[in-house]
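Report on the following structure.
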Amino acid sequence: MLVAVGLYFGLRNVVGSGEIGWICVLAAFPFALCGFFTYNGMTFEKFLLAVIRSELLYPRKLVFRAENLYAQAMEHSTVKEALKID
């Protein structure tokens, strides 16, 4: 609503009254759609905060390390001596 009011007072001397009405409606339309937005039970404001936190404020560096699960399983096994694993 503040966007539409700001546009009205900013453009009322530039364009006619019919056109300024349409400009205000079109400017307020995306903000009105935010009222119907839900994602995983979050409103648009909560979703936007979650995206900002996860992508900008707390970005994490993913480090991939290979793990040899077979070697870890055989560490405490008696088969290790038989196969000479080291």
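Below, all heavy atoms of this structure are taken into account, side chains as well, without hydrogens, waters or symmetry copies.
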Verify the neighbour count for atom CG of L56: are there more than 12 heavy atoms of other residues, nucleotides or ligands below 6.0 Å?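 More than 12 heavy atoms, drawn from other residues, nucleotides or ligands, come within 6.0 Å of this atom.
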Counting only pairs under 3.5 Å, give me each side-chain donor-acceptor contact of residues 48-55, with atom names and distances, residues two or more places apart or in other chains.
unit_1, atom_1, unit_2, atom_2, d
S54, OG, A50, O, 3.1
S54, OG, V51, O, 3.3

Pairs under 3.5 angstrom only: tabulate donor-acceptor contacts from the side chains of residues 21-42 to other protein residues two or more places apart or in another chain.
none

Which residues pass the side chain to side chain donor-acceptor pair (under 3.5 Å) test with E45, not counting sequence neighbours?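 Scan of E45 (side chain to side chain donor-acceptor pair (under 3.5 Å), adjacent residues dropped) gives T43.
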With a 4.5 Å cut-off on side-chain heavy-atom distances among I, L, V, M, F, W and Y, is there a chain of contacts connecting Y8 to V14?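 Y8 clusters together with V14.
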Locate the shortest heavy-atom distance separating L7 from I20; write the atom from each residue and the value.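 Heavy atoms of L7 and I20 come nearest at O-CD1, 3.9 Å.
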